[in-house]
**Q** 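Can you read through this structure? Questions will come right after.
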Amino acid sequence: MTEGEHGDPFGDEFADALALANGTPPGRRPAGSGDRTPGGAAPGPYPVARAGSPRPGDDPAAGGTDRDRPAGPGDARDTAPARPGKRSTGRSGTPWRTARDIAEHAVHEPPGPGTAALADALGRTLAAPLTALTDLPSFDTSAMDGWAVSGPGPWRLDHAADDTGTAPDTGILAGHATTAALPDGHALPIATGARIPAGATAVLRSEHGEVLELPDGRARLYAPRPVPPGQDIRPRGQECRCGDHLLPAGTLVTPAILGLAAAAGYDELSVHPRPRVEVLVLGDELLRSGLPEGGRIRDALGPMLVPWLHALGAEAAPLRHLGDDADALHDALAGSTADVVLTTGGTASGPVDHVHPTLRRLGAELLVDGVAVRPGHPMLLARLAPRRHLVGLPGNPLAAVSGLLTLAEPLLRTLAARHPAAPYRVPLAAAVYGHPHDTRLVPVAYRDDDRHGLVAAPLHFHGPAMLRGIAAADAMAVVPPGGAEPGTEVELLELPWPAGWSAGWPTPDTSYDPAAPSGGAA
Ligand SMILES: Nc1nc2c(c(=O)[nH]1)N[C@H]1C(S)=C(S)[C@@H](COP(=O)(O)OP(=O)(O)OC[C@H]3O[C@@H](n4cnc5c(N)ncnc54)[C@H](O)[C@@H]3O)O[C@H]1N2
Ligand code: MOO
């Protein structure tokens, strides 16, 4: 990929638009902001804090105001543990990695395992090793359509006398079995998957043999080349023997594993239960359908969170919209039996931000109260009761995604007994500016680059209130304090859908041409 294909994902047009939105004349960016293009990451401290001009792609709430200025000397932001009871002000917070660690270890072990029918085991974790209940294949099997032959050719061609007597002319079919042994010098038609008769030494493929009718009415089968013994026979137990260890406990059940388990004789599996999650969407301003109007906006989190939770292996109760009603929130939390309650919004200190007061009212234990991550720093994790937790996601939609990945994912992973994804790092296709102290999570799309191979292209529209970037993303890049230059390998947080989701799509910042016949760039 060339630089020109994507341009600067944090390009000046965004700076201009957002500078205007923030009341700053466009084009008057602070010193150092001009070298954000590939080859020159913005050096030094967080430019917004320096000059009051937000970075393009963010909105002004992204951290450009006084509340987000870097803390002064002596601030314990990077080392301070969670301080239960202390409200997040935007100036401190549990370090991002520590917060993930706390969430991962908030419960010591997953709930006890149970059994689930195969269809219900998908996405759950094996609680016991998968051990073959049969040999695979369970009998010597023909790998091809053709003839079962005994000894060297030519062969006298027989009709099959199968155990059902239903298909003598078609030979031995899959699912049938022969009763008679095949004598030396004889052959029988056989289908792929059929059981090899006793006495057969090989299978001759249909396209490799020639049948000649003899004057006496009998038929002979000829092969142009000798047929080695065992050819095109899958021997019993080739894949596994009964009792063989196929997969360890702790394996995530995928569609392929359901197939293997069925082949190996399972009707049900020993798996860990899915964590049960309840999602409470807070905010009087939220509409559940139609267009935004009268200062009210659509709920973007409800439709997103439930399927996302499913992808994380959780079971979600029907979504509840509670408005900004403190008593309704209290009653919902007091009455919930879910392993995890996710709230959206209400985590900050506005007049109707009821999450903290309600947690105090319930006597909940705050394990994480604010995280040093952008966006999403007001996120929180609380223990409502032993083994029942609440993750408070900030209301801004990308901040909520950040909270989901930072706190909910590790907690649900432990509850579901899933293993963490293998950490992987990919070079950045372009510079990403950094916060001076906090980690940033930035949506990226995978691209193929001539020099680096797979690269992560940072996406526009990564402001805390925006979902356009994450909707086009393959992953979230973990950008360390201070930012990262092009080519820097950054850790990526996987999204729970296939990597390469966007592969082959037009580059997200490719301009959309509504006049094109397809309705846009193909
Ligand atoms: N004085 C301070 N104010 C704020 C701070 C702060 O540190 N001090 N932090 C800011 C940050 S950062 C964020 S993020 C938000 C978090 O606010 P809340 O969690 O209390 O969320 P709300 O105020 O309810 O909503 C924020 C924003 O998001 C919109 N929203 C809420 N829910 C949804 C939804 N389901 N779908 C779409 N949009 C939603 C809501 O309308 C607001 O615009 O606080 C800052 N303030
Ligand atoms: O602005 Mo907040 O950072 O969206 O979490």
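Whatever order the structure lists them in is the order used to number ligands and atoms, beginning at 1. This one's a predicted model, so the numbers in the text were calculated from it and none came from an experiment.
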**Q** Using a strict cut-off of 4.0 Å, indicate which atoms of ligand 2 neighbour a heavy atom of Ala399.
**A**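 Close to Ala399: 4 (O), 5 (O).
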**Q** Quick one about Asp438 and His377 (side-chain donor to acceptor, distance below 3.5 Å, no hydrogens or angles considered), yes or no?
**A**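 The answer is no; no qualifying pair exists.
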**Q** In ligand 1, which numbered atoms sit nearer than 4.0 Å to a non-hydrogen atom of Arg298?
**A**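 Within the 4.0 Å cut-off of Arg298, ligand 1 contributes 36 (N), 37 (C).
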**Q** Which ligand 1 atoms does Thr347 reach within 4.0 Å, using its non-hydrogen atoms?
**A**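 By the 4.0 Å cutoff, the relevant atoms are 16 (C), 18 (P), 19 (O), 20 (O).
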**Q** Is there a donor-acceptor contact under 3.5 Å linking the side chains of Arg383 and His389?
**A**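 Yes, His389 and Arg383 have a side-chain donor paired with an acceptor closer than 3.5 Å.
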**Q** Where's the contact between Ile297 and ligand 1, heavy-atom distance under 4.0 Å: side chain, backbone, both or neither?
**A**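 The answer is the side chain of Ile297.
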**Q** Is it the case that ligand 1 has an N or O less than 3.5 angstrom from some N or O of Leu286?
**A**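 Min N/O separation from ligand 1 is not below 3.5 Å for Leu286.
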**Q** Does Asn396, backbone or side chain, put an N or O under 3.5 Å from an N or O of ligand 1?
**A**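 For ligand 1, there is an N or O atom that lies under 3.5 Å from one belonging to Asn396.
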**Q** Mark up the atoms of ligand 1 that fall under 4.0 Å of a heavy atom belonging to Asp353, in ascending order.
**A**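 Once the distances to Asp353 are compared, the set is 20 (O), 23 (O).
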**Q** Which atom names give the shortest non-hydrogen contact between Ala99 and Val371, and what distance separates them?
**A**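 Closest approach of Ala99 to Val371, heavy atoms only: CB-CG2, 3.7 Å.
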**Q** Are any of the N/O atoms on Leu393, whether in the backbone or the side chain, positioned under 3.5 angstrom from an N/O atom of ligand 1?
**A**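 There is no such contact.
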**Q** Measure from atom 33 (C) of ligand 1 to every heavy atom in Pro394, Gly295, Gly395 and give the option owning the shortest one.
**A**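 Among Pro394, Gly295, Gly395, the closest heavy atom to atom 33 (C) of ligand 1 comes from Gly395.
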**Q** Which atoms of ligand 2 sit under 4.0 Å from any heavy atom of His377?
**A**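 Those qualifying, in numeric order: 3 (O), 5 (O).
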**Q** State, to 0.1 Å, how close Ala472 and Ala445 come at their nearest heavy-atom pair, and which atoms those are.
**A**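 The answer is O-CB, 3.9 Å.
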**Q** If you take all heavy atoms of Asp449 and Arg451, which pair is closest and at what distance?
**A**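 Scanning both residues completely, I find the closest heavy atoms to be OD2-N, 3.0 Å.
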**Q** Are any of the N/O atoms in Arg374 less than 3.5 Å from those in ligand 2?
**A**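 It does not: no N or O of Arg374 is found under 3.5 Å from an N or O of ligand 2.
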**Q** So, Glu104 versus Thr414: side-chain donor-acceptor pair below 3.5 Å or not?
**A**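 The answer is no; no qualifying pair exists.
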**Q** Under a 3.5 Å distance rule, please check whether Asp474 uses its side chain to pair with a backbone N or O of Tyr446 as donor and acceptor.
**A**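 Looks like yes, one N/O pair under 3.5 Å.
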**Q** In terms of atom number and element, which parts of ligand 1 are under 4.0 angstrom from non-hydrogen atoms of Gly346?
**A**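 Numbered from 1, ligand 1 contributes 18 (P), 19 (O), 20 (O), 21 (O), 22 (P), 24 (O).
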**Q** Atom CD of Glu489 and atom OH of Tyr424: how far apart are they, to the nearest 0.5 Å?
**A**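 Those atoms lie 12.5 Å apart.
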**Q** Knowing that exactly one of Leu380, Leu301, Thr343, Leu305 qualifies, which makes a side chain to side chain contact (heavy atoms under 4.5 Å, CB included) with Leu393?
**A**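 The side chain to side chain contact (heavy atoms under 4.5 Å, CB included) with Leu393 is passed solely by Leu305 among Leu380, Leu301, Thr343, Leu305.
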**Q** List ligand 1 atoms under 4.0 Å from His377, heavy atoms only on the residue side.
**A**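 Those qualifying, in numeric order: 7 (O), 12 (S).
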**Q** Near Asp299, which atoms of ligand 1 are under 4.0 Å from a heavy atom of that residue?
**A**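 Every atom of ligand 1 under 4.0 Å from some heavy atom of Asp299: 34 (C), 35 (N), 36 (N).
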**Q** With atoms numbered from 1 as shown, which atoms in ligand 2 lie under 4.0 angstrom from a non-hydrogen atom of Pro378?
**A**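 Taking each heavy atom of Pro378 in turn, ligand 2 has 5 (O) under 4.0 Å.
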**Q** Counting from 1, what ligand 2 atoms have a heavy atom of Pro464 closer than 4.0 Å?
**A**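 Counting atoms of ligand 2 from 1, those under 4.0 Å from Pro464 are 1 (O), 4 (O).
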**Q** Would you say Gly350 touches ligand 1, if touching means a heavy atom closer than 4.0 Å?
**A**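 Heavy atoms of Gly350 never come under 4.0 Å of ligand 1.
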**Q** Find the distance between NE2 (His310) and CZ (Arg274) and round it off to the nearest 0.5 Å.
**A**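 Those atoms lie 8.5 Å apart.
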**Q** Any salt bridge linking Arg97 with Glu491? Criterion: basic side-chain nitrogen under 4.0 Å from a carboxylate oxygen.
**A**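 Looking at Glu491 together with Arg97, the answer is yes, because their closest N to O distance falls below 4.0 Å.
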**Q** Evaluating non-hydrogen atoms only, which member of Gly395, Ala465, Ser402, Gly376 is closest to atom 5 (O) of ligand 2?
**A**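 Considering heavy atoms of Gly395, Ala465, Ser402, Gly376, the nearest to atom 5 (O) of ligand 2 sits in Gly376.
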